[in-house]
Amino acid sequence: MVTLKIDGIQVEVPKDYTILQAAEKAGVHIPVLCHDARLNPFGACRVCLIEAVGNPRLMTACTTPVAPDMDILTNTEKLQRIRKTVIELLLVNHPLECPVCDKGGECTLQDLTYEVGLTKVRFEATPADTPVDHTNPFIERDIDRCVLCGRCVRICDEVVNIQAISFINRGMETMIGTAFDQPWNCEFCGQCISVCPVGSLNNRVYLFKNRPWNLEKTDSICGLCGCGCYIELETEGNELYRMGEVPDKGANHGNLCAKGRFGFEFVNSVKRETSAKIKAAGEAADADFEQAVVTVAEKVKSIKAQHGADSVAVLVSPRLTNEEAFLANKLAKDVIGTAGMYAVEPHSSFPDATYADIETSDAVAVLNLDVTEANPILGLAVRAAARKNEAALYVFYPSETALKRLVTKQFTGNPDEVYASMTRLVEGQGEEASVLEVLKKAEKPVAVYNPYNQADLWFVSELKKQIPGLKVAAARAKANSQGVLDMGALDAAKLKEGIQNKTIKALICLGENPSVRTGWADLSLDSLELLAVTDPFMSETAKKATVYIPVATYAEKDGSFTNLEGRVQSVNKALCKGLKTDAEVIAALAEKLGKALPSCSCEIRELIRKEVSLYKDVDFDGGLVKYADAVTGEFAKPAKAAAGEGKYFLYPSSLRLHSGSYTRWSPDLAKVYGEAKLEISPADAEELGLEDGSSVSVSAAGITKTFKVHVEKHMTKGCVALPEDYADTAEIFGKGRYHKVSLGKKG
Amino acid sequence: MSEYKVEQIEVHVCMGTAGVASGGEAVMAALNSEFEKRGLTNTDVKERNCKAKQTGCRGLCARDVLIDVYVPGKGPVTYEHVTAEMVPSIVEEHIVGGEVVTKWAAKKDYFEFYDKQKRYVLNDCGKVDPDSLEDYIAHGGYDALKKTLKMTSEEVIDEVKKSGLRGRGGGGFPTGLKWTFCRNSPGDLKYLICNADEGDPGAFMDRSIIEGNPHAVIEGMLIAAYAIGCKEGYIYCRAEYPLAIKRVKKALVDAEKAGYLGDNVLGSGFEFHLKLKEGAGAFVCGEETALIASIEGERGMPRSRPPFPAVKGLWQKPSNVNNVETFANLPVIILNGADWYANIGTEKSKGTKIFALSGKVKSTGLIEVPMGITVRELIFEVGGGIPKKRKFKAVQLGGPSGGCLTEAHLDTKIDYDSLIAAGAMMGSGGVVVLDETNCMVNVAQFFLTFTQRESCGKCIPCRVGTKTMLDILDRITAGKGKEGDIERLEALANDIKISSLCGLGQTAPNPILTTIRYFRDEYEAHIYKQKCPARECPELIEFVVVDERCKKCGICKKVCPVDAITWEKGQYAYIDKAKCVKCRECIVNCPFNSID
């Protein structure tokens with residue numbers, strides 16, 4: 001610890017603190033412009049210059065470490081003058097278009113101009129007038145407003161590790177740009193927007209839609225993937241306008257991904273259903289909520305009376321809150337009298353490694369997962385380990401991934417080769433033996449894997465056995481994938497079996513969309529006497545429903561999600577679209593079935609504490625659930641991965657821009673990635689005469705489907721990939737995860 | 001320093017950049033073919049065994065191509081302005097006939113250039129073949145390294161500390177002390193970096209050293225690496241110095257082959273690997289943290305200090321950066337001893353300093369003088385004074401980072417501290433002499449144009465501030481200056497000086513501040529009287545012939561490129577303003593200063 005004085009206030013801080021951090025602790029405000037706590041100190045803007053008594057040189061508070069007995073002055077006349085000059089210089093060429101600038105009201109330059117009391121510029125001002133750049137689908141770029149603080153460049157490098165942009169040119173010509181002025185080749189995460197202090201980088205989804213001072217902010221958790229990012233829902237009335245990042249709260253440190261930041265539009269979608277529908281003689285007709293619930297209740301009663309309680313099943317989506325899932329389980333067990341609800345989520349994996357574990361790890365293995373695409377924020381933790389902690393990083397995946405810039409070694413190849421490579425890893429053979437050694441010797445080894453691929457679990461459990469200290473992270477797909485399991489969801493395989501052999505006659509499907517889920521897409525739901533579906537949208541499954549009830553999204557309800565770390569976090573209602581929540585649907589249904597259930601999340605939360613032992617003492621605002629084991633069960637060593645006779649290996653890819661059915665209703669995401677595309681290497685594409693946008697037929701396991709082609713230079717030759725969770729692809733992957741397929745050029 | 005002795009007839013041809021540019025290669029070829037033709041390549045007969053040898057710059061670039069004819073047993077004879085056409089006569093009369101061609105041989109004024117110089121660091125420049133390791137060794141090369149390897153590293157540092165050597169890159173930080181910082185930083189891997197990114201306009205000291213004697217720099221680096229404990233090193237040379245790069249590359253290969261570099265230097269167990277890194281054309285990369293970023297493959301932008309490179313430098317490892325000239329001083333210090341070295345110079349500035357002398361001075365070129373020489377001696381004795389009988393006005397020391405000194409400062413001693421006290425700085429060693437026809441506002445504008453263009457753009461004061469100052473200077477020289485501009489410039493300059501991130505921004509206002517300090521009247525004349533007293537700013541010149549001064553010589557008519565001047569013998573000249581393009585040819589050429 002070091003003791004120093006800041007503006008006369010004595011403060012004791014750790015010796016690696018900067019003067020800026022010490023000032024914060026002392027409660028002294030030092031203005032900053034280029035500084036961001038998530039980034040390495042930069043010292044470019046000179047706004048935070050301070051004086052140390054006895055030192056003639058001015059120092060930047062953001063970069064200078066504290067030293068014992070420093071006597072720091074932060075607001076002398078000289079410093080006031082310098083700050084004013086610096087801001088004045090920025091205004092010489094800055095277009096003063098604050099009234100129409102999207103940043104107006106939350107602009108650091110505006111605030112600093114006010115703070116330093118600048119009312120007149122001494123120098124001849126000539127505002128620049130360069131056309132605005134719209135080449136990036138999500139990010140509007142106005143270089144004239146740029147103050148060159150470099151935050152965008154630094155976050156893209158230090159945190160995201162994509163290095164899409166940099167400073168180019170010199171002197172007054174200096175600007176943020178790309179190599180050879182190419183369009184931004186990036187992940188569209190928009191992290192650059194989030195750190196831009198001025199209106200130079202703007203969120204195109206939000207652009208010109210509202211003014212920041214109108215927006216009300218509600219803390220919540222992103223409802224898309226399993227990362228569990230802390231966000232602010234920025235609303236006016238019942239419209240969601242923007243996702244706000246909260247750097248000092250949540251495990252994501254304020255970082256968001258493309259779908260998290262730009263993919264919220266489905267909440268406001270005009271395509272959302274507003275009325276329940278009841279199908280009679282194959283025709284769906286609008287009905288009111290009461291009518292719909294009564295219809296479901298009556299059907300359930302009659303089917304139960306005729307075929308017994310086990311002929312009725314409840315299936316929940318991993319997008320439901322813990323409270324709703326708990327309630328659904330009560331409906332299934334206590335009200336209807338079955339063994340419990342089901343969820344299409346794997347049951348053998350449990351949270352183990354936290355983001356902090358990964359970020360501070362010294363050796364990370366990523367097993368058969370494109371982590372930065374599947375779970376971008378989990379991917380950032382892996383990147384942080386390799387980048388900031390200089391961890392050894394090994395990636396096993398068929399194609400090159402975005403981690404290639406950071407890997408110690410990547411093991412690519414067709415799925416069979418990747419499996420062989422992972423086998424050598426756990427068996428300590430070949431080149432992979434050295435990787436095993438590194439993991440064994442590491443202080444905090446971590447493995448990240450895909451829990452949805454049953455075959456991969458053998459590698460995980462074997463590694464766990466060999467490396468006692470190994471922590472593993474299961475890349476869960478949906479916001480509450482883990483929570484619904486914790487609330488008691490049963491393995492949905494049994495449900496599928498029941499539907500197939502027609503012992504299940506009624507299915508209450510809460511938010512789930514099995515018609516596009518891998519392994520379920522080809523399951524016929526026609527034999528069901530009752531298919532009751534709740535969903536914000538008329539999903540593929542909802543279209544088949546006997547009774548459909550439109551429901552609220554995560555932005556419209558209170559509750560909690562449990563993320564892939566096992567962290568329970570509160571979801572808060574930010575707006576109301578006049579629709580019932582799943583909890584309300586369940587409570588109403590229970591009532592009609594003769595049993596009262598609460599629908600208020602606080603009441604349910606109390607019940608959870610009482611009845612779910614894992615959650616007995618957990619803090620619903622960020623507490624971690626303690627699981628006994630990371631993986632449970634016995635797993636067989638996988639044989640050859642791919643089946644089939646075709647020339648090309650097909651495997652399921654992950655998509656950064658989509659996380660399932662919701663995001664496809666967000667027009668800006670859909671504009672960039674709408675339909676499922678087949679990724680293929682340039683060499684294979686050339687051989688087949690294919691180019692971006694060509695159509696190709698894919699034949700696998702007796703199914704032939706046509707897709708558009710995306711030529712991707714990172715693809716391994718001989719391999720092609722399709723995303724999961726699209727109806728057509730779900731059908732193929734329902735037959736198995738890996739195929740040897742034949743491709744045929746169409747048209 | 002020993003005299004250069006030859007065993008055979010040697011003709012040294014200056015093949016530094018200036019030598020090559022003046023036709024050195026043709027002279028070299030002419031010599032070789034002449035020797036061949038006359039059978040003067042007989043290795044058995046001393047008198048008929050002639051060798052043409054390329055050497056580096058010997059200083060007086062204004063007289064290139066310079067050649068020295070060495071005949072065994074006789075002192076060298078220097079010829080100036082040699083062309084290939086002159087070679088047969090020189091060979092015929094001097095080498096074969098034994099008679100010096102006096103009409104071409106250097107005269108008294110040539111030797112006056114060297115009278116006040118003390119060429120220790122540059123001693124071998126112009127004598128050894130820069131492409132030949134053997135030649136370097138034959139002249140005592142690497143003897144200092146051998147001596148060093150017999151010392152402990154502490155002894156080497158002590159020796160350098162005792163010598164009083166200060167960094168020649170401009171800062172003047174005591175070299176030995178700097179080394180101890182890096183040496184005392186924990187870590188096995190430490191880097192030694194040679195800053196050869198000389199970018200000041202009018203500076204060519206480092207260039208000439210590397211081009212003329214690359215092994216001296218390598219030897220100096222070896223000494224430093226041994227003292228500090230560095231295993232790896234880089235020479236960061238700007239890409240605009242192709243000849244220097246070529247010679248350093250060859251020198252590195254030769255030195256490694258001969259065991260001077262590598263895992264086990266001369267079998268001593270000392271390990272040092274040295275690589276060349278070419279810059280990518282940014283002046284700011286001469287700033288050590290930007291230079292380090294550039295070696296790492298990042299954009300050359302300065303980083304905040306602390307942490308200092310000695311603690312966290314290249315790739316976060318302790319690193320020591322010194323300038324070319326500093327390294328080139330080391331073999332001299334080690335061989336002759338710290339006491340000998342500390343005897344040269346002033347109390348706080350020891351040894352010699354190399355300057356690149358340019359501008360309005362007769363003998364432009366590269367000079368090495370002992371610290372403590374006065375500005376007057378430098379300009380009027382070494383440099384030969386101002387040409388065209390014009391009046392000395394000022395001297396700009398330290399390039400774009402430095403400041404100007406006036407006639408009142410001519411007796412200022414040239415050492416680190418005296419120059420700073422006078423408002424200039426040693427800088428890397430650029431000396432630009434200005435005469436009465438130079439406008440001081442224009443001088444400031446020239447340097448600001450350079451610095452604002454070369455600003456890396458990272459910090460606001462430097463990026464926008466230098467441009468804003470330049471805009472004001474542009475306005476003043478264009479006759480559009482406003483009341484308060486001088487005060488605005490001073491206020492902004494002072495703020496930029498104390499708030500910029502690196503040395504570039506911190507010193508960029510110096511030319512403005514010193515020109516205002518010493519020539520405020522010129523600024524005022526521009527702004528308030530719409531006049532450029534030195535008649536250099538075209539917008540502020542009337543272009544009228546003042547009859548009282550006109551001697552009716554008609555030179556102005558001859559030089560006017562657009563026929564705007566009418567003149568008849570015995571008549572005053574007259575300038576037709578409608579035709580005049582304000583090129584200033586008449587003003588520059590009028591011997592009587594009669595055009596206003």
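Note that this is a predicted model, so its numbers are computed, not measured. So that the names make sense, note that chain A is the first sequence line, chain B the second, and so on, each numbered from 1.
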Contact winner vs chain B - A:R122, A:R57, A:R46, heavy-atom pairs under 4.5 Å: A:R46

B:T468, part contacting chain A, at a heavy-atom distance under 4.5 Å: side chain

Other residues, nucleotides, ligands: >12 heavy atoms within 6.0 Å of A:Y114 OH: no

Pairs of heavy atoms under 4.5 Å with chain B: top-ranked of A:P56, A:G43, A:G150, A:C34: A:G43

Distance in Å, B:I498 CD1 paired with A:R81 CZ, rounded so as to fall on 0.5 Å steps: 5.0 Å

Flag if over 12 foreign heavy atoms under 6.0 Å of NZ, A:K388: yes

Spatial distance of atom CD1 (A:I82) from atom OG (B:S499) [nearest 0.5 Å]: 4.5 Å

Any residue of residues 298-308 of chain B which, by heavy atoms, sits under 4.5 Å from chain A: B:R299, B:M301, B:S304, B:P306

From A:L89 atom CG to B:M469 atom CE, the distance as rounded to the nearest 0.5 Å: 9.5 Å

Separation between CZ of B:R463 and CG of A:L148, rounded to the nearest 0.5 Å: 4.0 Å

Proximal component of B:D495, with respect to chain A [non-hydrogen, under 4.5 Å]: both

Chain A neighbours within residues 449-461 of chain B, where any heavy atom lies under 4.5 Å away: B:Q452, B:R453, B:E454, B:S455, B:C456, B:G457, B:K458, B:C459, B:I460, B:P461

Heavy atoms of other groups near B:E240 CD, more than 12 under 6.0 Å: yes

Residue selection (most heavy-atom pairs with chain B, distance under 4.5 Å) from A:T85, A:V147, A:N93: A:T85

Check ion pair B:K482-A:E124 (N to O, under 4.0 angstrom): yes

Interface residue of largest heavy-atom contact number with chain A, from B:L492, B:D471, B:T466, under 4.5 Å: B:L492

Residue B:I472 versus chain A: region with a heavy atom under 4.5 Å: side chain

